[in-house]
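Each chain gets a letter, A, B and so on, in the order its sequence line appears, and its residues count up from 1.
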Amino acid sequence: MSGVETPVASTTSGHSRRTFIKGVVATGAAVSSSNYLFRASEGLSASERVRSTLPQLVTLSVNGQSRSVDILPQETLAMTLRYKLGLTGTKLGCDRAECGACTVIIDGVTHYSCSVLTKTVRDRAITTIEGLESPDGTLHPVQQAVVDEGGFQCAFCAPGFIMSMVALTNDHSNPTREEAAQALSGNLCRCGDYNKILNSAMRAAEYARRTV
Amino acid sequence: MALIGQDISPPDLVAKVTGRAKYAEDFRAEGMVFAKLLLSPMPHARVRKIDVSRALAMEGVLGILRADEVPQADAPGESALTDEPKYVGEPILAVAAITETIAADAIEAIDIDLEPLPFTIDPLASLAPGGPNARLEGNTLTFGERGRELKSVKWTSSDFESLSEGRLPMGEPTDEWSHGDLDSAFDDADHVVEDTIIHQSLTHHPMEPRSSMAYWDNGKCYLYASTQSTQRAHAGTANQLDLDPSDLVFVGQYCGGGFGSKIAGSPINSITALLAKKIQRPVMLRITRYEENYIGRGRPGFQSWVRMGFRKDGKITAIDLYIIQDHGPYGRSGDYNTAGAITDLMYQPDAMRFRGITIYTNTPPRAAMRGPGGAQIVAMLEPLVDKAARELGIDRLAIRRMNVPDSDSRFGPNRGQLTGAFVREAIDAGADKFGWAEKSQLSGQRNGTKVTGVGIGVSPYVGGSSGFDGLLVIRPDGKLYIHHGIGNLGTHSMADCGRAAADVLGLEWEDCQVIWGDTSQNLPYSSVQAGSQTAHAHTRANHAAGLDLKQKLQEIAAATLGGSANSYRTSRGRVSGPGGSISFAQAAQRAIELGGKYSGEVLPDDINQVTTASATALSGQGVMGVAKDNFSHDGSTYSWVIGFAVVELDVETGDVQIVDYTGSADCGVVLHPRSLGAQIHGGSVQGFGQARSQKWVLDPKWGVPFSHRLYTARPPGILDVPLKMEWAAAGVPDPENPVGIKGIGEPPVGAGSAAVTSAIADALGGKCLCRTPLTTDVILAELQGRQPPHQLTEIHI
Ligand code: FES
Ligand code: FES
């Protein structure tokens with residue numbers, strides 16, 4: 001019974017972007033556990049509610065593949081990736097744009113996938129940690145650099161950091177340690193392994209220079 | 001070449017960098033549904049009435065789990081759900097539904113009537129005459145003639161008069177010990193420092209929230225959860241669920257950080273398992289960051305006072321320490337007692353008195369957090385030692401070298417002894433690496449608006465336990481299978497400890513396979529992966545099992561090839577001697593034929609029953625090495641880290657940048673250099689957060705927290721730490737571990753924190769603000785000569 005990947009629709013009630021933000025703000029004081037997901041809103045009319053709760057079939061470009069998936073209007077990219085496309089390499093550490101564990105690359109730019117609505121990235125190229133390896137299993141230079149440095153401890157932050165390192169090495173062929181730190185400053189590592197993470201980033205830039 | 005001491009690539013690293021590593025929330029099961037928790041909005045309340053009918057009637061809602069359906073712990077224990085919540089955020093009930101949104105909506109549809117009860121968030125408020133108790137039974141736990149007792153302790157108003165003189169109130173303690181003659185030791189002192197010191201509570205906040213998934217199949221529970229210690233979490237959870245251990249499979253292959261908050265499973269895991277059982281569906285309970293702040297444990301805070309006596313030459317003659325501990329509502333946390341023992345250990349005064357009391361508060365539950373007790377106290381006391389050194393005109397490195405213990409030192413209430421201590425060697429190695437001679441000259445230098453401060457923090461902590469089991473099998477494929485019940489926190493010890501066995505056998509790392517993280521894979525009885533135990537405990541256990549395995553290989557070779565067993569050697573996968581040689585693969589095959597002890601059909605009788613069960617399941621598959629660690633372990637094993645920091649303090653903004661850091665360890669033989677560096681640096685960075693930014697902020701009127709997320713209690717980010725950090729190690733073998741290794745997870749936190757509190761005091765010209773965290777507003781108030789933004793003993797601010 002275990003190990004069966006079942007796409008599970010996890011959100012049904014509707015929200016606009018505004019109520020989404022409002023929901024985020026309100027959770028602090030409420031008697032509520034609704035943190036990942038959105039509550040049925042009193043603010044929406046019945047017809048709006050019906051419209052906004054209906055799943056919609058969209059096509060996403062993920063790791064070079066075209067993937068069709070039913071999404072809800074308020075669904076975040078992290079949830080689509082993790083719960084509908086089986087791409088659990090992208091982690092949720094906070095679900096509120098605080099930690100970077102969910103970092104993915106969209107059209108060459110890093111984004112917190114916990115804070116991107118899936119419906120907004122339909123025509124964009126999405127790359128996740130699973131999309132870095134070559135089909136023949138060769139690790140991406142950044143991944144290889146991390147392995148060679150023995151990078152990360154618990155590694156829950158690793159997929160996010162690695163995506164930020166990929167964006168860094170794509171943009172800068174020869175970053176300084178300081179520039180690398182700036183580029184990775186949107187990611188948090190609670191194990192505090194920043195020294196080794198920066199060593200990995202510098203080695204990654206070196207490998208990336210060699211492969212071009 | 002021996003594997004110990006080499007950098008290796010841990011066997012799980014490729015899975016981690018490709019996203020294939022599965023953490024608890026990454027598992028799926030067919031028909032899986034979601035659960036949500038209803039959390040208490042009040043710091044202390046009793047459920048008068050709950051009406052779940054509207055929620056149950058909602059389409060998609062599958063069931064509700066209430067407190068009376070989960071095992072209820074005896075006071076002061078904690079249950080997974082409760083009808084008398086004792087902190088804001090405590091789970092009252094759980095709802096399962098086909099989607100998470102429906103579960104969340106159902107929570108909103110529950111009508112709950114709570115009767116508010118008295119509460120307190122400040123131990124001193126509870127100790128005040130007529131003050132509120134956090135628990136109905138009292139405000140503290142004592143161990144007296146009648147055993148464990150919950151009591152209500154109130155001090156007199158005259159006890160509180162010292163507040164007006166700027167001193168911590170110190171009424172009747174519940175814990176007290178001393179050694180030596182305190183009065184005459186203070187008489188011997190040429191110089192005395194004294195202060196009230198506050199260390200605030202903070203939350204562990206591992207990167208991975210404690211989500212879990214569970215299902216039942218044929219009466220057996222399968223639980224996927226995040227734990228530091230797989231085998232022990234399995235045993236603990238089976239106990240919580242009242243299950244025979246064989247009816248629980250616990251999968252925890254990857255743990256996204258715990259730092260003491262996930263030692264042996266979390267109470268919350270049992271909700272997932274029980275809800276799955278109740279509704280007969282697989283259940284996923286995702287814990288949000290917000291929930292993690294509440295149920296994810298925290299480090300106990302201290303309100304304390306110390307007086308230290310120094311001779312002119314810097315020798316510490318006397319210490320008088322009083323700690324009031326902010327306990328949270330449950331259990332029994334010993335941080336304050338440990339802090340007392342550690343103070344005595346690290347400063348070796350001629351006489352010491354420790355007094356303390358722990359007070360329950362309606363704040364999130366506490367648990368051990370990396371260096372529990374030690375990490376708080378060293379960060380509080382080290383700046384005061386600096387103050388004395390400054391006033392006596394003694395070098396700060398010299399005063400520490402003078403007072404630290406050596407291998408013959410005694411400490412604590414029982415005058416316990418150490419297995420060994422090579423602290424001076426570690427201080428010297430660190431001072432050398434850091435460049436103390438030059439960098440200490442930077443102290444007080446002004447560059448524009450910035451003043452440089454230089455600090456040192458000496459931090460000891462327990463570095464190992466013993467008496468656990470090793471379980472190894474060489475199969476007919478010639479590979480060594482190392483079974484480990486410890487967890488996989490990213491310390492790499494689940495791989496590194498196996499090297500003690502490989503080294504006994506002379507095997508290459510490529511020929512070793514580590515089995516971990518899944519209790520259906522036959523794991524041995526193991527230490528919890530906490531308190532820096534594993535590197536010590538499980539190199540010993542694997543060394544023991546390795547010797548057993550080697551002996552069996554020698555006997556098999558002798559029986560096969562002739563000659564005496566002792567004349568055979570093992571190396572590079574072969575057993576060789578006077579009669580020739582056979583490969584490990586052949587020996588494994590022979591062991592299967594021979595049976596008995598060789599293949600695990602006959603087992604030693606001193607191993608734990610958990611190991612017996614696992615070894616029995618593995619019997620007949622090759623040649624087995626299985627043994628209990630019976631090596632001598634005389635004295636307490638302590639490891640040390642000495643932190644050296646340079647900070648730049650901006651006198652206009654109060655901002656502090658840590659610009660340079662070196663950590664130096666006494667942790668015995670270096671097991672895995674790169675990983676040791678990571679432990680020293682990572683732990684120190686956690687210490688930086690403790691010294692600078694992490695705390696809880698609670699509303700004193702309503703007991704409601706304002707800081708429940710990462711950004712409101714922010715751990716250090718990559719720009720908050722030096723761009724490059726260094727480390728060093730004394731490298732002296734621990735005399736009581738046959739492979740010389742001590743654990744190292746705990747002490748760097750205190751070292752990082754103390755080096756920073758000491759460096760900040762140095763930048764302030766020797767002024768100890770005697771409080772954590774030293775946030776910018778606290779520093780700025782001092783710089784501007786304003787009243788600090790808090791009262792003397794105020795906490796959660
Ligand atoms: S999970 Fe998206 S930023 Fe933390
Ligand atoms: S390695 Fe654990 S959070 Fe980064």
Side-chain angles (χ1 to χ4, degrees), chain A residues 1-2 4-6 8-13 27-28 31-40 88-96 98-99 101 128-130 133 139 143 146-147 150 152-159 162 177-178 181-182 184-185 188-198, chain B residues 7 9-10 13-14 16-19 21-23 26 28-30 32 34 36-39 41 99-102 104-105 107-108 205-208 215 217 222 255-257 286 288-291 489-491 674-675 678 681-683 685-686 708-711 715-719 721 723-725:
Chain A
M1 171 163 176
S2 68
V4 186
E5 296 276 348
T6 312
V8 182
S10 55
T11 54
T12 56
S13 65
T27 46
V31 188
S32 163
S33 58
S34 323
N35 275 292
Y36 275 109
L37 302 164
F38 326 113
R39 264 169 278 155
T88 54
T90 299
K91 301 299 179 216
L92 283 170
C94 71
D95 209 17
R96 285 291 183 277
E98 299 175 64
C99 75
T128 72
I129 188 81
E130 290 92 346
E133 246 175 316
L139 294 180
Q143 292 172 312
V146 172
V147 169
F152 297 101
Q153 292 180 33
C154 79
F156 199 75
C157 68
I162 288 172
R177 211 168 159 92
E178 168 120 48
Q182 289 288 346
L184 302 178
S185 62
L188 204 60
C189 173
R190 190 63 183 115
C191 298
D193 205 3
Y194 296 126
N195 201 62
K196 197 141 54 64
I197 290 170
L198 275 176
Chain B
D7 281 332
S9 198
L13 195 47
V14 170
K16 283 173 170 174
V17 302
T18 52
K22 285 202 173 206
Y23 298 76
D26 300 336
R28 305 284 178 266
E30 201 178 325
M32 185 178 90
F34 290 86
K36 290 301 289 179
L37 302 168
L38 191 153
L39 307 180
T99 74
E100 206 176 44
T101 308
I102 296 176
D105 284 346
I107 295 276
E108 300 300 310
H205 271 319
M207 207 66 200
E208 179 200 16
Y215 62 83
D217 195 17
Y222 295 79
C255 172
R286 304 196 317 145
T288 66
R289 178 54 56 188
Y290 169 82
E291 290 163 337
L489 275 172
T491 64
R674 198 160 51 191
S675 197
H681 292 153
V685 167
Q686 291 190 344
H708 32 56
R709 305 199 57 87
L710 293 171
Y711 80 97
I718 202 164
L719 300 178
V721 308
L723 270 181
K724 187 123 187 53
M725 297 197 271

Contact leader toward chain A among B/L710, B/L489, B/D7, B/T491, where contacts are heavy-atom pairs under 4.5 Å
B/L710

Hey, what do you get for NE2 (B/H708) to NE2 (B/H205), rounding to the nearest 0.5 Å?
10.0 Å

When rounded to the nearest 0.5 Å, the distance separating OH of B/Y290 from CZ of B/R709 is 9.0 Å

For A/L184, is it the side chain, the backbone, both or neither that has a heavy atom under 4.5 Å from a heavy atom of chain B?
both

Aromatic rings B/Y215 and B/Y222: how do their planes relate, parallel, tilted or perpendicular, breaks at 30° and 60°?
parallel

Select one option (side chain, backbone, both, neither) describing which atoms of A/L198 are under 4.5 Å from chain B's heavy atoms.
side chain

Heavy-atom pairs under 4.5 Å with chain B - which of A/I197, A/L188, A/D193 has more of them than the others?
A/L188

Side chain from CB out, backbone as N, CA, C, O: work out which of these in A/E133 comes under 4.5 Å of a heavy atom of chain B, or both, or neither.
side chain

Hey, is B/E208 close enough to A/K91 for a salt bridge, meaning N to O under 4.0 Å?
no

Honestly, the part of B/T18 sitting under 4.5 Å from a heavy atom of chain A is both

Greatest number of heavy atom pairs closer than 4.5 Å to chain B - which of A/G89, A/A181, A/C189, A/A101:
A/A181

Which atoms form the tightest heavy-atom contact between A/G93 and A/C99, and what is the distance?
CA-SG, 3.7 Å

Per-residue contact mode, B/P10 against chain A (heavy atom under 4.5 angstrom):
neither

Among the options A/Q143, A/E130, A/E178, pick out the one with the most heavy-atom pairs lying under 4.5 Å from chain B.
A/Q143

Indicate yes or no: does B/R289 engage A/E98 in a salt bridge with an N to O separation below 4.0 Å.
no

Check whether B/V17 gets within reach of chain A through its side chain, its backbone, both or neither, counting any heavy atom under 4.5 Å.
both

Rounded to the nearest 0.5 Å, what separates atom CG in B/L13 from atom CG in A/L139?
9.5 Å

Taking every heavy-atom pair that is under 4.5 Å apart, which of A/S185, A/G192, A/P159 has the most such pairs with chain B?
A/G192

Distance from B/I102 atom CD1 to B/T99 atom OG1, nearest 0.5 Å?
3.5 Å

Most heavy-atom pairs under 4.5 angstrom with chain B, which of A/T90, A/T128, A/I129?
A/I129

